[in-house]
There are 2 protein chains.
Amino acid sequence: MTVNAELYDKVKQVFNTFLESKKLRKTSERWDILEEIYSREGHFDVESLYQSLKAKGCAVSRATVYNTMELLLECGLAQKHQFDQNQAQYEKAFGFRQHDHVICTDCHRVTEFCDPRIQNIQKTVSDLLHFDVIHHSLILYGNCTKKNCEHKTTT
Amino acid sequence: MTVNAELYDKVKQVFNTFLESKKLRKTSERWDILEEIYSREGHFDVESLYQSLKAKGCAVSRATVYNTMELLLECGLAQKHQFDQNQAQYEKAFGFRQHDHVICTDCHRVTEFCDPRIQNIQKTVSDLLHFDVIHHSLILYGNCTKKNCEHKTTT
DNA sequence: CTCGGTGCAAAGCTTTTGCATCCGC
DNA sequence: GCGGATGCAAAAGCTTTGCACCGAG
């Protein structure tokens with residue numbers, strides 16, 4: 001297991017509580033998928049997750065991966081990004097700071113950033129539109145001004 | 001023609017100039033699609049555009065609609081939104097104010113809003129990451145606090 | 001023992017592609 | 001007339017679904 005043990009214990013507990021509260025079964029596949037996700041850095045898609053699990057000897061199917069990701073989204077342990085019309089990208093979400101993304105329109109690389117001022121915008125919109133904002137997605141599109149798109153990349 | 005004639009003249013001129021600069025042909029299908037888009041309000045997907053055109057007697061194919069939308073994105077006359085992993089949503093973009101979206105996680109309705117403070121965030125990120133930000137996408141997800149999700153909807 | 005969850009493969013949907021035909025320049 | 005653009009249909013690619021079997025509670 002290559003995951004941070006302390007963090008992973010809390011994550012397991014969150015998932016455990018979630019499954020119990022929803023009266024869902026604690027199958028080995030669900031734990032396998034959770035562990036694989038939390039041993040990863042950055043973004044990934046369902047296919048690569050499926051391939052990794054198969055390579056490790058876990059007999060999961062794509063359908064189960066999709067199903068489990070849905071559960072993890074629901075309990076806040078994972079986040080889903082739809083950067084384009086192709087594969088959705090996921091990432092672990094527990095104990096990690098909320099962040100947003102910059103995408104280079106040339107090389108399509110994704111960089112992360114944080115800006116607390118987004119909270120102010122959320123608050124204003126919440127008040128104005130009578131809306132409880134749960135989460136958000138901010139993506140900035142543009143070109144790196146350095147040559148060869150040498151900006152720090154996270155995907 | 002149900003479009004705003006004055007605005008539409010400018011739009012046609014923009015597309016005309018764009019096609020010439022790229023040495024692309026001015027086909028009737030391209031003008032048909034442009035007109036249909038600018039006679040619409042709010043968001044729409046490729047399929048509904050295709051169906052409308054077919055209903056009006058324009059013999060366009062889906063392939064041409066996809067191809068033309070790509071050109072319109074390139075010259076800034078249309079905008080594309082990937083709200084989910086299904087159909088991409090488009091909307092006209094010339095002479096309309098840049099805006100962002102609020103999506104209700106219950107009823108999936110989309111509301112628009114504007115907040116100038118996003119510009120400040122863009123500026124900071126541009127400077128920090130040496131990135132020329134061309135455009136952005138900010139989506140706030142949450143629930144309407146009123147009953148029946150009675151917030152003003154635009155889709 | 002029950003029935004929710006899984007694996008597999010097939011189906012579904014949106015978008016892209018190949019190719020013959022058409023028509024703007 | 002040349003070569004880009006189109007229409008049609010087939011292909012591609014991601015995700016969902018149906019069904020029989022398995023195993024958690």
Side-chain angles (χ1 to χ4, degrees), chain A residues 12 15-36 43-75 78-90 108, chain B residues 12 15-36 43-75 78-90 108:
Chain A
K12 276 196 291 194
F15 197 33
N16 199 54
T17 306
F18 174 78
L19 292 175
E20 284 175 2
S21 76
K22 285 258 185 177
K23 299 201 193 322
L24 297 172
R25 291 184 182 163
K26 299 162 192 169
T27 65
S28 59
E29 289 84 357
R30 286 176 176 165
W31 296 117
D32 289 344
I33 292 169
L34 183 66
E35 182 178 326
E36 177 60 26
H43 306 122
F44 53 84
D45 55 50
V46 166
E47 185 62 23
S48 86
L49 204 58
Y50 168 69
Q51 293 299 342
S52 295
L53 288 163
K54 231 175 52 172
K56 286 168 81 176
C58 305
V60 296
S61 67
R62 287 184 186 79
T64 301
V65 177
Y66 280 108
N67 170 41
T68 303
M69 288 313 302
E70 207 55 47
L71 296 177
L72 292 174
L73 290 180
E74 218 180 306
C75 65
Q79 234 185 304
K80 181 178 183 177
H81 302 293
Q82 195 69 46
F83 291 139
D84 53 44
Q85 69 273 64
N86 300 319
Q87 304 170 99
Q89 300 280 110
Y90 294 85
H108 302 103
Chain B
K12 275 195 293 192
F15 197 34
N16 199 53
T17 306
F18 173 78
L19 291 175
E20 283 176 1
S21 76
K22 285 258 183 176
K23 300 201 194 319
L24 297 172
R25 292 184 181 162
K26 299 163 193 168
T27 64
S28 60
E29 289 84 356
R30 286 176 176 165
W31 296 117
D32 288 344
I33 292 169
L34 183 66
E35 181 178 328
E36 177 60 26
H43 305 122
F44 54 84
D45 55 51
V46 166
E47 185 62 24
S48 87
L49 205 57
Y50 169 71
Q51 293 299 341
S52 295
L53 288 162
K54 232 176 52 173
K56 287 168 80 176
C58 306
V60 296
S61 67
R62 286 185 185 79
T64 300
V65 176
Y66 279 107
N67 170 41
T68 303
M69 288 312 302
E70 207 55 46
L71 296 177
L72 293 174
L73 290 181
E74 218 179 306
C75 65
Q79 235 185 304
K80 181 179 184 177
H81 302 292
Q82 195 68 46
F83 291 138
D84 53 45
Q85 71 272 61
N86 300 318
Q87 304 169 98
Q89 300 279 111
Y90 295 85
H108 303 104

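Naming convention: chains lettered A, B, ... in sequence-line order (proteins, then strands); numbering from 1 in each chain. Values below: every heavy atom of this structure, side chains too, minus hydrogens, waters and symmetry copies.
- Every side-chain hydrogen bond (donor to acceptor under 3.5 Å, both in side chains) that A:Lys22 has, sequence neighbours left out, goes to A:Glu74.
- Counting only residues at least two apart or on different chains, the side chain to side chain donor-acceptor pair (under 3.5 Å) pairs with a member in residues 58-67 of chain B are B:Glu47-B:Arg62, B:Ser61-B:Thr64.
- Under the salt bridge (charged side-chain N to carboxylate O under 4.0 Å, His left out) criterion, A:Lys56 pairs with A:Glu36, not counting sequence neighbours.
- In this structure, A:Leu71 atom CG and C:dG4 atom P are separated by 15 Å, rounded to whole Å.
- Qualifying side-chain contact (heavy atoms from CB on, under 4.5 Å) partners for B:Lys80, counting only residues two or more places apart in sequence or in other chains: A:Gln85, B:Leu73, B:Gln82, B:Ala88, B:Tyr90.
- For D:dT6, the OP1/OP2 oxygens have a side-chain nitrogen or oxygen of B:Asn67 closer than 4.0 Å.
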Test B:Leu72 against B:Met69 for side-chain contact (heavy atoms from CB on, under 4.5 Å), laying out the working first. CA-CA 5 Å; B:Leu72 293 174; B:Met69 288 312 302; 4.3 Å; yes
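- Not counting sequence neighbours, A:Thr17 has no partner by the side-chain hydrogen bond (donor to acceptor under 3.5 Å, both in side chains) test.
- A:Leu34 places its CG atom 16 Å from the P atom of C:dG5, with the value rounded to the nearest Å.
- Residues that satisfy the salt bridge (charged side-chain N to carboxylate O under 4.0 Å, His left out) test with A:Lys26, not counting sequence neighbours, are A:Glu20.
- One interatomic measurement links the two molecules: CG of A:Leu53 to C1' of C:dT6, which rounds to 14 Å at whole-angstrom precision.
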For nucleotides 14-21 of chain D, give me one character per nucleotide, 5' to 3': B if any protein heavy atom sits under 4.0 Å from the base, S if the only such contacts are to the sugar-phosphate, - if neither. SBBB----
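- Close to D:dG7, at under 4.0 Å from its OP1 or OP2, lies a side-chain N or O of B:Thr64.
- Legend: residues meeting ring pair (Phe, Tyr, Trp, His ring centres under 6.0 Å) with A:Phe15, ordered by chain and number and at least two apart, are A:Trp31.
- In this structure B:Arg25 satisfies the side-chain hydrogen bond (donor to acceptor under 3.5 Å, both in side chains) test with no other residue, sequence neighbours excluded.
- Across residues 19-30 of chain B, B:Leu24, B:Arg25, B:Thr27, B:Glu29, B:Arg30 each have a non-hydrogen atom less than 4.0 Å from an atom of DNA chain D (numbered order).
- With the end axes of the helix from C:dC1-D:dG25 to C:dC25-D:dG1 each set by five pairs, the angle from one to the other reads 30° at 10° resolution.
- One can place CG of A:Asp32 at 16 Å from P of C:dG5, the figure rounded to the nearest angstrom.
- The side-chain heavy atoms of B:Leu34 and B:Lys12, taken from C-beta on, include a pair separated by under 4.5 Å.
- By the side-chain hydrogen bond (donor to acceptor under 3.5 Å, both in side chains) test, A:His108 pairs with no residue at all, sequence neighbours left out.
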